[in-house]
Asks: 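Following this message is one structure expressed as structure tokens.
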Amino acid sequence: MSAEREPIGVIGVGWVGLVTAACFAELGHRVVARDIVAEKVEALSRGETTIHEPGLGELVRRNAERLTFTTEMDELLDVARILFVCVDTPPTRSGDADLSRVRSVIEELREDGDHVLAMKSTVPAGTGEAIRRDMPQLAYVSCPEFLKEGSAVEDFMQPDRVVIGADPGDESAGDAVAAIYEPLGGEIVRTDVASAEMIKLASNAFLATKISFVNEIANVCEEVGADVGEVARGMGLDQRIGPSFLRAGIGYGGSCFPKDVSALKMLAGNTGYHFQLLNAVIEVNELQKRRVVQKLRGHLGSLAGRRVVLLGLAFKPQTDDMREASSLVLAARLQGEGAEVVAYDPVATEVARDQLPGVEFYDSAMGALDGADAAVLVTEWPEFAELDWVAAVGRMARPLIVDGRNFLDPETLRAAGFEYEGIGRAGQGAPSTAAAD
Ligand code: UDX
């Protein structure tokens, strides 16, 4: 077997683990993927994917011969030399990253000799060095993950860059991990472990900063009558700025940005450094969701007894992931104002149901809009652009929409008879808290 086709172990079959395992199998490797949740392993062994990610189910089924799932660590250790650790590192109550799952994997490998541990889980800078000190027999490589949910398979197969961190003594382990990624053609950044760990945290924090920045610009646009879409377009053409992640809206969510921004802030704080900028990034993101409530009050006055529809619940389209979704805060805030909250999402309803107590769910957008006093577009699912908005006007008690993603065409909506308001879009005036009725 050639070096680049050696069997690979993947530990933790969540989003990152499953995409990584399936894509390595697609590249021709034999992959043994291990998870401690038996039901997940059984479902995957039957070819049933546990998450909604475009193209992933097909990849798992197509590579069934090369891709096996197990609950037993020994099954990996017997066949694979390189082990990709993909367990989650959720935030703790203190805002630091919870490394307990990483630690239990490390404990399981304690007795083990000749393996390369490739860390894909997002860990604070310094974690790799501590593991390496504790387990000198393991070769350690930091290989952070940059996948976006909803396009994870594509991102994996066509990476902008692959970051591989290895410290002196582990260079050949770094070479082995690099060889696995080489066929993908993205630039491979070879560096030390601490820098690789920081690249991941800094990249996510920077992207989150871009979003909070453009959201603040949007809020100022509302005050001065400018259009944030135009402003972002004009800014983005400057190659030093770039056009991506300048979409204003109701803030970022998901499993990575909120957690990683907080983890970086805490990591800095734990060393005695006060990362002021990230405090603002987090605060702007929190307040941005709440501005929607202010906008609704500007139109409706009191929200008590008003029927408000959330169009979309997932933290972004093409996923059923509800982690840190803006809809969670929004629904609770609206309920706090006494509103009756109803919702529709094309795929996230089942995941969302338990997390949104008191919310009434519909299986179509039009059904949810029936009799509503207002709608808030929370997730930019393509089907909302295709909706028959003229028909929707007739169904709603008051055709008012706050477009939290600047996704819909204001002219079309206004022509259909809607009161339309986006985030920082021209022609809508400043938000007001004054009662409109
Ligand atoms: C992110 C990173 O992009 C990825 O590199 C990392 O590995 C994991 O975290 P993901 O969480 O899947 O990926 O979603 P992403 O597409 O980056 O969007 C994150 C959030 O930011 C979403 O809520 C999205 O709606 C929001 N967003 C994104 C904006 O509000 N404006 C933008 O311009 C871009």
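Every number for a ligand or one of its atoms is a count from 1 in the order of the listing. Computed from heavy atoms alone, side chains included, the values below leave out hydrogens, waters and symmetry copies.
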Asks: Side chain, backbone, both or neither: which part of D260 has a heavy atom under 4.0 Å from ligand 1?
Replies: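 For D260, no heavy atom sits under 4.0 Å from ligand 1.
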
Asks: Measure the distance from atom 31 (N) of ligand 1 to every protein heavy atom, then report the residue, atom name and distance (to 0.1 Å) of the closest one.
Replies: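 The closest heavy atom on the protein side is R247 O, 3.0 Å.
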
Asks: Under 4.0 Å between a side-chain nitrogen and a carboxylate oxygen: does that hold for E6 and R81?
Replies: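 Answer for the salt bridge query: yes.
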
Asks: To check your reading of the model: name the closest protein heavy atom to atom 27 (N) of ligand 1, its residue, and the distance in Å.
Replies: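 Checking every protein heavy atom, the shortest distance to atom 27 (N) of ligand 1 gives I211 CD1, 3.4 Å.
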
Asks: Quick one: is the NZ or CZ of R323 closer than 6.0 Å to the six-membered ring centre of F315, and within 45° of its axis?
Replies: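 The answer is no, since R323 fails at least one limit relative to F315.
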
Asks: Checking a contact table here: which protein heavy atom is nearest atom 6 (C) of ligand 1, and how many Å away?
Replies: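 Ranked first by proximity to atom 6 (C) of ligand 1 is L147 O, 3.3 Å.
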
Asks: Applying a heavy-atom cut-off of 4.0 Å, say which part of K148 lies close to ligand 1: side chain, backbone, both or neither.
Replies: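 Contact part for K148 vs ligand 1: both backbone and side chain.
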
Asks: Are the charged groups of R247 and E380 less than 4.0 angstrom apart, N to O?
Replies: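 Judged by the 4.0 Å cut-off on N to carboxylate O distance, R247 and E380 do form a salt bridge.
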
Asks: Nearest heavy atom to atom 9 (O) of ligand 1: which of S326, S212, C256 does it belong to?
Replies: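 Result: the heavy atom closest to atom 9 (O) of ligand 1 is in C256.
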
Asks: Say whether E324 and ligand 1 are in contact under the criterion: heavy-atom distance to a ligand atom below 4.0 Å.
Replies: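 For ligand 1, residue contact (heavy atoms, under 4.0 Å) with E324 is absent.
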
Asks: Considering only NZ, NE, NH1 and NH2 on the basic side and carboxylate oxygens on the acidic side, decide whether R425 and E222 come within less than 4.0 Å.
Replies: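 The answer is no: the pair does not qualify as a salt bridge.
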
Asks: Can you pull out the closest protein heavy atom to atom 1 (C) of ligand 1? Residue, atom name and distance to 0.1 Å, please.
Replies: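 Heavy-atom neighbour on the protein nearest atom 1 (C) of ligand 1: F257 CE2, 3.6 Å.
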
Asks: May I ask whether G253 has any heavy atom positioned less than 4.0 angstrom from an atom of ligand 1?
Replies: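 True for this residue.
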
Asks: Between R323, E53, K316, which one has a non-hydrogen atom sitting closest to atom 14 (O) of ligand 1?
Replies: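 Comparing heavy atoms across R323, E53, K316, the nearest one to atom 14 (O) of ligand 1 lies in K316.
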
Asks: In the protein, what heavy atom is nearest to atom 5 (O) of ligand 1, and what distance, to one decimal place, separates them?
Replies: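 The protein heavy atom lying closest is F146 O, 2.9 Å.
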
Asks: So which heavy atom in the protein is nearest atom 12 (O) of ligand 1, and how far is it from that ligand atom?
Replies: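 Checking every protein heavy atom, the shortest distance to atom 12 (O) of ligand 1 gives E149 N, 2.6 Å.
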
Asks: Counting only heavy atoms from other residues, nucleotides and ligands, does the tally under 6.0 Å from CZ of F213 exceed 12?
Replies: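 No.
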
Asks: Counting non-hydrogen protein atoms only, what is the nearest one to atom 25 (O) of ligand 1? Give residue, atom name and distance.
Replies: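 Looking at atom 25 (O) of ligand 1, the protein heavy atom closest to it is R405 NH1, 3.3 Å.
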
